[in-house]
Every structure is written in structure tokens, then in C-alpha cells.
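Report on the structure given below.
Excluded from the calculations below are hydrogen atoms, water molecules and symmetry mates; all remaining heavy atoms, backbone and side chain alike, are included. Fair warning: this is a prediction, and the values are worked out from it, not measured in the lab. Position 1 is the first residue of the sequence, and the numbers go up from there.
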Amino acid sequence: MSAESTGSAPGLLLLDTHVLLWSGFKDPRLGRKTTAAINRAAREGRIGISAITPWEIGLLASKKRINLHVDTLVWIREALSKAGVRLAALEPEIAVESTRLPFEMHPDPADRILVATARQLGATLVTADKALLGIAGKGHFRAMDAES
């Protein structure tokens, strides 16, 4: 289910890790509609970044799966300091819910925390992950296809 399909006004957009990276590097995989939604949400202070995302970016950089062209912590701090962006804390409720999701999901801890964060905050998860989009399509949380 997407924010658009519910007919409700869009709220917080929670960016999946790859979406934050794509946005930071103006990656063409980020769709025009999604880019516009992210820009609008940023102007309105409605961009969320999960507390797991800096960990995931650090892990990707340490394994040389991404090249940020600057120190990882510098890149993350810069991304989090942009207007309209806020860090969503890993509250105990989110941590525990990530272990008790009421539907089948792969065991990846970062994805489970992202989904639990979106559910707890009533946010729309912006992702290109087809598995997550499929789960969202069953009504378990709101998601937006980042490639649209």
C-alpha cells in the first residue's frame, strides 16, 4: 500500500538506506515522482532516517561495497544535518517489534528494524526492495517504490 493509494495526506517518509544513498548521489534509479515526494517532505520536515541506517552505511563502506568519497561519519553527519531530516531513534518498542513482526519476513536485522520503525511511527517506507514492497502491498505497513 502506498501513501497515494490510501488517499491520506502523506506523513513522515522513512528512507531505506539505499534511498538515502541514491538521494545523496543523485542516482538516476531514484524515480522522478519519488524525488519530488522526498523534496516536498524535506521542505516540510518530514524525512526520517532510521537509527540503523548509519550502521548499515558504515558496514557497506567498511566492506568496500560503497564509496562515499569522504569519511563515512562525515558523510552520515552531513546527510543527517540536511533541512527536514530527522533521525528516528531505535526505541525499545521498535527493537522488540522488529523481532515480533506479525507477518513472515526475511531475517535481515536492518530491514526488520526499518519496517518496525515505519510501523511504530506510522511512516511510509521509501524503498526499491521488492520483497519489502511486496509485504507492504499486503497492508502490513505503508511503502513507496523508490524507482517510481
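In the hydrophobic clustering of this structure, Val96 does not group with Ile52; members are Ile, Leu, Val, Met, Phe, Trp, Tyr whose side-chain heavy atoms approach within less than 4.5 Å, directly or through other members.
Distance alone, capped at 3.5 Å, places no donor-acceptor pair between the His18 side chain and the Thr127 backbone. In this structure, the side chain of Asp16 does not engage the main chain of Val19 through any donor-acceptor pair within 3.5 Å.
Between Leu12 and Gly48, the shortest heavy-atom contact is CD1-N, 3.6 Å. Contact detail for Asn67 and His69: the closest heavy-atom pair is OD1-N, 2.9 Å. Heavy-atom minimum distance, Thr72 versus Ala61: OG1-CB, 3.4 Å. Nearest approach of Ala41 to Ile47, heavy atoms of both residues: CB-CD1, 3.6 Å. Nearest approach of Ala128 to Ala146, heavy atoms of both residues: N-CB, 3.9 Å. In terms of heavy-atom proximity, Ala79 sits nearest to Leu20 at CB-CD1, 4.2 Å.
In this view, Thr17 and Thr53, Glu56 satisfy the side-chain hydrogen bond (donor to acceptor under 3.5 Å, both in side chains) rule, not counting sequence neighbours. Not counting sequence neighbours, Lys64 has no partner by the salt bridge (charged side-chain N to carboxylate O under 4.0 Å, His left out) test. The side-chain hydrogen bond (donor to acceptor under 3.5 Å, both in side chains) search around Asp111 returns His106, not counting sequence neighbours. Residues satisfying the side chain to side chain contact (heavy atoms under 4.5 Å, CB included) test with Leu73, not counting sequence neighbours, are Asp71, Arg77. Not counting sequence neighbours, the partners of Ser148 by the side chain to side chain contact (heavy atoms under 4.5 Å, CB included) test are Lys33, Thr34, Asp145. Partners of Leu59 by side chain to side chain contact (heavy atoms under 4.5 Å, CB included), not counting sequence neighbours, listed by chain and number: Trp55, Ser62, Lys63. A search for salt bridge (charged side-chain N to carboxylate O under 4.0 Å, His left out) contacts involving Glu147 returns Lys130, not counting sequence neighbours.
A distance of 5.0 Å separates CD1 of Ile66 from CG of Leu60, quoted to the nearest 0.5 Å. To the nearest 0.5 angstrom, Trp22 atom CH2 is 12.0 Å from Leu15 atom CG. Rounded to the nearest 0.5 Å, atoms CG (Leu133) and NZ (Lys138) are 12.5 Å apart.
In this structure, Leu14 and Val126 have side chains that are not in contact, with every pair of non-hydrogen atoms separated by 4.5 Å or more. Ile57 is listed as a side-chain neighbour of Leu68, based on a closest heavy-atom distance under 4.5 Å. Counting heavy atoms from C-beta on, the side chains of Ser50 and Ile113 come closer than 4.5 Å. Counting heavy atoms from C-beta on, the side chains of Val115 and Ile135 never come closer than 4.5 Å.
The only member of Thr117, Leu125, Thr124 that meets side chain to side chain contact (heavy atoms under 4.5 Å, CB included) when paired with Leu121 is Thr117.
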Sequence neighbours excluded and cut-off under 3.5 Å, please list the side-chain donor-acceptor pairs for residues 23-31, or say none.
residue	atom	partner	partner atom	Å
Asp27	OD1	Arg29	N	2.8
Asp27	OD1	Arg29	NE	3.0
Asp27	OD2	Arg29	NE	3.3
Asp27	OD2	Arg29	NH2	2.8

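For the salt bridge (charged side-chain N to carboxylate O under 4.0 Å, His left out) condition, the pairs that include at least one residue of residues 80-103, sequence neighbours left out, are Glu97-Arg119. Sequence neighbours left out, the pairs with a member in residues 84-103 that pass ring-ring contact (aromatic ring centres under 6.0 Å, His included) are Phe103-His140.
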